[in-house]
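Take a look at the structure set out below.
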Amino acid sequence: MYSEKVLDHFTNPRNVGEVENPDGVGEVGNPVCGDMMKITIKVDAKDLRITDVKFKTLGCGAAIATSSITTEMAAGKTLEEALAITRQAVAEGLDGLPPNKLHCSNLAADGLHKAILDYLSKRPEVKINVPEAVIKRSQESEEHDHDHNHGEE
Amino acid sequence: MNDGKMTEGIIYMDHAATAPAYPEVTAEITKWFSGWYGNASSTLYSVGRKSEEGVARARAQVAALLKTSDREIFFTSGGTESDNWAVHGAAIANRKKGNRIITSAVEHHAVLECVQYMGRQGFDVTVLPVDQYGMVDPAKVREALTDDTILVSIMHANNEVGTINPIVEIGAICAERGVLFHTDAVQTVGKIPIDLSAVHVDLLSGSSHKFGGPKGCGFLYARKGAKVDPYFHGGGQERGKRSGTMNVPGIVGTGLACEIAGSHMAQEAARLSAMRDELQKGILERIPDVKMNGHPEKRLAGHLNVCVEGVEGESMVMCLDMNRVCVSSGSACTTGSLEPSHVLLAMGIPVELSHGSLRFTLGSANTPEQIPYVLDRLTTIVGKLRAMSPTYRKR
Ligand SMILES: Cc1ncc(COP(=O)(O)O)c(C=O)c1O
Ligand code: FES
């Protein structure tokens, strides 16, 4: 059911752990839903580039694989570039996800964006373009932890 | 004929989902496709009579295993059909007597969904709670029985945790009140003794692929005189109770599987529980923060269900699969969906913990040497996944 890419990232997840003295932290998900993710980033203050990114994830195979590839995609990117990483891009990077697992890819992109917003909240002098959609999703996830819709309810 | 080689090197520990057919069963079944291919209802000629004989022998083999008469055994397409037939057929046939159906919170979806459906059709439904082990208290059945109750459906043993319900007591209570008692015995047929001459059960579901028979075949035991309408209407096979051309190969295989399972039931249960206990002991010793689910004693011999704190079930199943070990998380039938297990929730296990459930069900494909390997792999996997988990050790 999972692609080779998913299985690869699941078996050998990249960037597992937490960066020391992170500049930004993004926590999304909820153990009651069965998945939770924490992304920590280190940001170069001059050129606003992500110099280090790590994740910790509790979740299904897709949640772990999407976390892994998201950190891989974000590493070395500028904050603006990283904010442009969408869940579609994450799913595509894994050669697709089974339909009932597409929602899992939200978790990782949201976690990354939240870590960046956290960094920006501590550095009000930094002015970059934050996409509307990112702001909206982060507000939504504040409201109900994360929009993890487990379908069949 | 039987190709056990195809799964060579794989450690299969999901026998509650399905079990390999006995090689004797596979060999027997294959004779009944293009060899003796007759329609078991076409008894005017020899080819049909041969099939009729095969079915008759199978019916006697099933009846012998359950200590009942062969006139009370009706072949079906499996556990799901038997459960649906029992619930639906009993409810409709007894509608004039009353309107209430009683079941338990931990039934297989084949019963639970069917009962809920009957509820939407206007029947009243009572869903009984279970204790921390997943067991139904007979006293709760007695309390719940109203004058308008027409059916009680309580499973014999639970497919997820293996807990065995006190069906003797529950059956006696139902008999006292003249209420039909159905039990889903899909996990117990061929595994633990069932003596229908001694226990009061009106309807009992069995599924062949769980005990060495073929998939897509099963039976419903219906006590003589139990009022149950047919579920499949048509050509009137199975004495008008279950229409449809009989699945002769499947039925013949079902009968033979009953005979084989019955011939070594006690030895096999002892063999499985020894391995299961070894696995359980090893897990509890080597992996911290693991909760054992199900009844410590009144449990099927091959069942082991645990919740591993701080890890999600699917990720463990996938990691074990990469090590050529097949197990399931929660019920195999619901693994594709993302709901937490309704069985574990009904047992009072917190949702967070229930997501980390892992079910090992041992059976004919297992040997004692496999246990240390599985223990070793599992310990490593849980360690790796916990190191990756943001919740473990955080609470
Ligand atoms: C307790 C129980 N009832 C019913 C079923 C359904 O049986 P079948 O797969 O033959 O339809 C199963 C199998 O998953 C089961 O474990
Ligand atoms: S994150 Fe994968 S099932 Fe919810």
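Note that the structure is predicted; figures quoted are calculated from it, not measured. Throughout, a chain's letter reflects where its sequence line sits, starting with A, and its residues are numbered from 1.
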When rounded to the nearest 0.5 angstrom, what distance separates CD1 in A:Ile64 from CG in B:Leu385?
-> 5.5 Å
Exceeds 12 heavy-atom contacts within 6.0 angstrom, atom CD of A:Glu132 = no
Can you measure from OG (B:Ser315) to CZ (A:Phe10) and round to the nearest 0.5 angstrom?
-> 5.0 Å
Could you walk me through whether A:Leu7 and B:Met318 pass the side chain to side chain contact (heavy atoms under 4.5 Å, CB included) check?
-> CA-CA 9 Å; A:Leu7 294 178; B:Met318 285 175 67; 3.7 Å; yes
Of the non-hydrogen atoms in B:Glu314 and A:Ala62, which two are nearest, and what is the gap between them?
-> OE2-N, 4.2 Å
Under 4.5 Å from any heavy atom of chain B - which part of A:Thr11 | both
Atom of A:Leu58, atom of B:Ser389 and distance for their closest heavy-atom approach | CB-OG, 3.9 Å
A:Glu27 CD to B:Thr391 OG1 distance, which is reported to the nearest 0.5 Å = 10.0 Å
Per-residue contact mode, B:Met388 against chain A (heavy atom under 4.5 angstrom) | both
Contacting moiety of A:Pro13, where chain B heavy atoms sit under 4.5 Å | side chain
